[in-house]
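Taking it in order: structure first as structure tokens, then the write-up.
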Amino acid sequence: MNTFYITTPIYYVNGEPHAGHAYTTIVSDVLARYHRVKGDQVFFLTGVDEHGANVHKVAENAGLAPQEYCDKMTPIFTELWERLNISHDIFLRTTSDMHKRGAKKFLTALYDSGDVYKAPYEGYYCRPCERFVPEKELTDEKICPIHKLPLEWIEEENYFFRLSKYQDRLLAHIHENPLFIYPESRRNELLSVLDSGLEDISISRSSVSWGISLPFDPEHIVYVWIEALMNYMTALGYETDNERYHTFWPANVHMMAKDITRFHALIWPAMLMAIDLPLPKQIVAHGWLTKDGEALSKTRGIVIDMDTDIETYGLDAFRYYLLREFSFGNDGDYRPTRLHERYNADLANDLGNLLNRVLGLLNKNFDGIPAPTTPGEFDDEVKEMAQTTVDKLDEHIKAFAFDSALETIWEFVRRVNRYVQQTEVWTLAKPETKPRMGTILYNSLEALRFVSVLISPFIPETAEKIQKQIGLTEFDTVSDWGRLPIDLKVSKGEPIFPRIDLKKEKAPQPKAAKPKQKSKETNLISFADFQKLDLRIGNIISAEPIEGADRLLKLQVDLGTEKRQVVAGIAEHYKPDALIGKQVIVVVNLEPATIRNVESHGMILAASGDTVVLASPETEVPLGTQVK
RNA sequence: GCCGGUGUAGCUCAGUGGUAGAGCACACGACUCAUAAUCGUGCUGUCCGGAGUUCGACUCUCCGCACCGGCACCA
């Protein structure tokens, strides 16, 4: 028996899951289910990454201990996967004992390989920035270009992994295994990264506390990214379940979005090489989702409202749309109207209606499924197409071409509709033609059983509904023609995808709620805090672009008593000329900053959501008027 | 500014060095078992622009234009 081990990334719990996570996970789910239907022994991993400085910080802001915070966030992910009908075999948390033990074993092995070394990390550090100031920004005075404060020279000891040593072996591996990184565009990208040379990477942090300490130096915490990669082995039981680990490692597919391929295709394999373990077979990256042409962005309010669409069209329609409409590997644009079209055209009209018409004819003319006694024209054609569809489907799945896979299945669905049409079954109810009618209906129903098996990885609920209506009591996953038993009692046939008219929900866009403000009590500020702000009315007297910056404008603002130079990030929304003469609200007592070598003394207030709109007084007021 | 992607029928997108494709939408016809469904037929294209390589380019190369994304920048 073949084994198939597929993983999603473990998702970072410092925010809530979005449609991108859902896509990665659904795609992986399809592969897992597909291999199960084929009879492979499948292990499907997903989970969450709960460690690291970011989680620590977010937890602190929420007034929670890190573990408490994770315990609150993680169920949001597991509940979503449940709603999306994800069939994972394990949901890994990196705070679990299993993971921690496996990670330590891995780290020890890595250390023993000799490719981990300790080295000082040093540089000029700016405390307010919380960063090392890069060489190129340094001046002779050694002051922070932003804060104009003296920099500190800091030396920190870190552990490094000798990534550079594996450059040639990685290169060779990628060349020898053309499908190792998929699709090709990613592969080329990483080859060019390799060409420009790899540097050793730091794998520990001594300033972070929320994480797993290095077994060989408990003062240090593993860098969260490095720790996360190890989950693919710890989830199998690398330390805790030897049998399962040996059954499934190496992974067949690491599925992910295209932005994290570097870690998976270069660093992870190199780490595995260092400790002499087999590499995953394939690193597979899909594209990003956009919404009506724009990149998803929580802050800009560009989000995909999965809940609404799933509520309107059902989960399977949502899954179907994502899988059918997007060409894997490329970015795909999510459009509710397209989902609607797909729903009606493919699901309601083609598939749903086919099932319905066949069941209707059966119920009207037969008591249970009749035996196929009377072969005739078109029968073989349909039978053959059923078989070739299975083969084509397999090829498409191997290439992660879910859109083509579904298209192939639907070509068959349409063929069956045509079969019903060509044979004009409904005219055969007379006694002398009834056996032929029975045969055609048997074939049509068998075709539908076939379809239900083929679609079950993609839209599992629908597959089950179809088989239930056909009268099968247990889900049949075999895709061989002629398995459908006779005399099954078919159901009346409730439409599995009732048509949905667009008119009704024409207007439902408003959805007042913007990016939801968590009105946490902890976010309240005191009146005294508010009073610290000195807001005043000013008049823009000049505006000009700043070279080399797409979003910045240099403004001169007249505050009545003085003139100020302010840099504002509004160039994408306002032409300089259009600003002159405008009254705006200025934060006067903001500490000065230098942006792109231009000094900024204050800040202009603006509503910044989907668009950016300057805030100004309703009617003109004297310059310098205080705003409160 | 740097890096990357895309540009093919009204829409969403496939596609190949040799006379342009699918689905949806649209039009007409057939049918009436079915969810105003299904089936058939038809329809539109300077395959972004320019130059080059080639017997031949939508496909390869270069240059441009447009749009999109990432990074920098957003006090």
Side-chain angles (χ1 to χ4, degrees), chain A residues 134 137 146-147 185-186 188-189 192-193 258-259 287-290 293-297 299 321 324-327 329-335 337-365 401 403-404 406-408 410-411 413-429 437 440-441 444 493-501 545-553 566-573 586-587 589-606 608 612:
Chain A
E137 289 178 34
I146 292 168
H147 295 91
S185 51
R186 298 291 138 220
N188 292 340
E189 189 178 294
S192 82
V193 169
K258 64 186 183 183
D259 50 339
W288 285 327
L289 298 184
T290 58
E294 291 192 88
L296 298 185
S297 154
T299 53
Y321 171 67
R324 173 66 186 87
E325 189 86 352
F326 300 138
S327 96
N330 299 325
D331 293 358
D333 194 29
Y334 189 94
R335 298 189 182 199
T337 57
R338 293 291 298 169
L339 167 58
H340 181 267
E341 285 170 17
R342 284 284 177 200
Y343 177 88
N344 277 341
D346 297 0
L347 298 176
N349 293 354
D350 287 346
L351 180 59
N353 183 56
L354 173 62
L355 176 67
N356 205 231
R357 70 195 296 210
V358 173
L359 290 181
L361 284 163
L362 265 169
N363 276 315
K364 203 172 291 178
N365 298 288
D403 54 340
S404 311
L406 284 170
E407 195 180 0
T408 300
W410 252 256
E411 276 168 18
V413 170
R414 282 195 285 271
R415 179 67 192 86
V416 179
N417 259 321
R418 187 143 44 92
Y419 177 62
V420 173
Q421 201 74 20
Q422 285 171 317
T423 54
E424 300 188 356
V425 234
W426 58 89
T427 64
L428 303 178
M437 179 187 218
I440 293 166
L441 291 179
S444 304
E494 285 299 308
I496 48 174
F497 293 110
R499 267 188 76 92
I500 295 175
D501 278 328
I546 292 172
E547 209 174 316
D550 293 346
R551 306 163 89 152
L552 305 183
L553 290 180
V566 176
V567 173
I570 56 173
E572 289 174 317
H573 301 90
V586 183
V587 184
N589 60 341
L590 193 64
E591 66 182 11
T594 301
I595 302 134
R596 281 268 149 186
N597 287 329
V598 180
E599 285 183 32
S600 180
H601 301 270
M603 169 174 171
I604 308 281
L605 293 191
S608 5
V612 170

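Here is how names work: the chains are called A, B, and so on, in the same order as the sequence lines, proteins then strands, and each is numbered from 1. Any value given below was found using the heavy atoms of this structure, including those in side chains, with hydrogens, waters and symmetry copies removed.
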Dump the pairs, protein N or O against N or O of nucleotides 31-33 of chain B, anything under 3.5 Å, distances to one decimal.
residue, atom, partner, partner atom, Å
B/C33, O3', A/Lys364, NZ, 3.4
B/C33, O2, A/Arg357, NE, 3.3
B/C33, N3, A/Arg357, NE, 3.4
B/C33, N3, A/Arg357, NH2, 2.6
B/C33, N4, A/Arg357, NH2, 2.9

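- With sequence neighbours left out, A/Glu424 forms a side chain to side chain donor-acceptor pair (under 3.5 Å) with no residue at all.
- Taking every side-chain heavy atom of A/Arg551 into account, B/C73 is the closest of B/C73, B/U35, B/C24.
- Counting any heavy atom pair closer than 4.0 Å across all strands shown, A/Leu359 reaches no nucleic acid atom.
- In this structure, A/Asp346 atom CG and B/G23 atom C1' are separated by 8 Å, rounded to whole Å.
- With sequence neighbours excluded, the residues satisfying ring-ring contact (aromatic ring centres under 6.0 Å, His included) with A/Tyr321 are A/Phe326, A/Tyr334.
- In this entry B/C60 has B/G52 as its Watson-Crick or G-U wobble partner, both defining distances falling under 3.5 Å.
- Across all strands shown, A/Asp350 has heavy atoms under 4.0 Å from sugar-phosphate atoms exclusively, and none from any base.
- Here A/Arg499 lies in heavy-atom contact (under 4.0 Å) with a base.
- With sequence neighbours excluded, no residue forms a side chain to side chain donor-acceptor pair (under 3.5 Å) with A/Ser600.
- For A/Asn349, the side chain to side chain donor-acceptor pair (under 3.5 Å) partners two or more places apart in sequence, or in a different chain, are A/Arg499.
- Within the nucleic acid shown, A/Ala429 has no heavy atom closer than 4.0 Å to any nucleic acid atom.
- A/Glu407 is linked by a salt bridge (Lys or Arg N to Asp or Glu O under 4.0 Å) to nothing, counting only residues two or more places apart in sequence or in another chain.
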Could you list the protein-to-nucleotides 9-13 of chain B atom pairs, N/O on both sides, closer than 3.5 Å?
residue, atom, partner, partner atom, Å
B/U12, O2', A/Glu325, OE2, 3.1

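- Within 4.0 Å (heavy atoms only), A/Glu407 reaches sugar-phosphate atoms of the nucleic acid but no base atom.
- With sequence neighbours excluded, the residues forming a ring-ring contact (aromatic ring centres under 6.0 Å, His included) with A/Trp410 are A/Tyr320, listed by chain and number.
- Remark: A/Leu362 CG to A/Met437 CE distance equals 8.5 Å, nearest 0.5 Å.
- Pairing for B/G21 goes to B/C13, judged as Watson-Crick or G-U wobble with the two contacts each under 3.5 Å.
- Nearest-nucleotide assignment on RNA chain B puts the 5′-proximal partner with A/Glu494, out of A/Lys258 and A/Glu494.
- Every residue two or more places apart in sequence or in another chain that forms a side chain to side chain donor-acceptor pair (under 3.5 Å) with A/Gln422 is listed here: A/Arg415.
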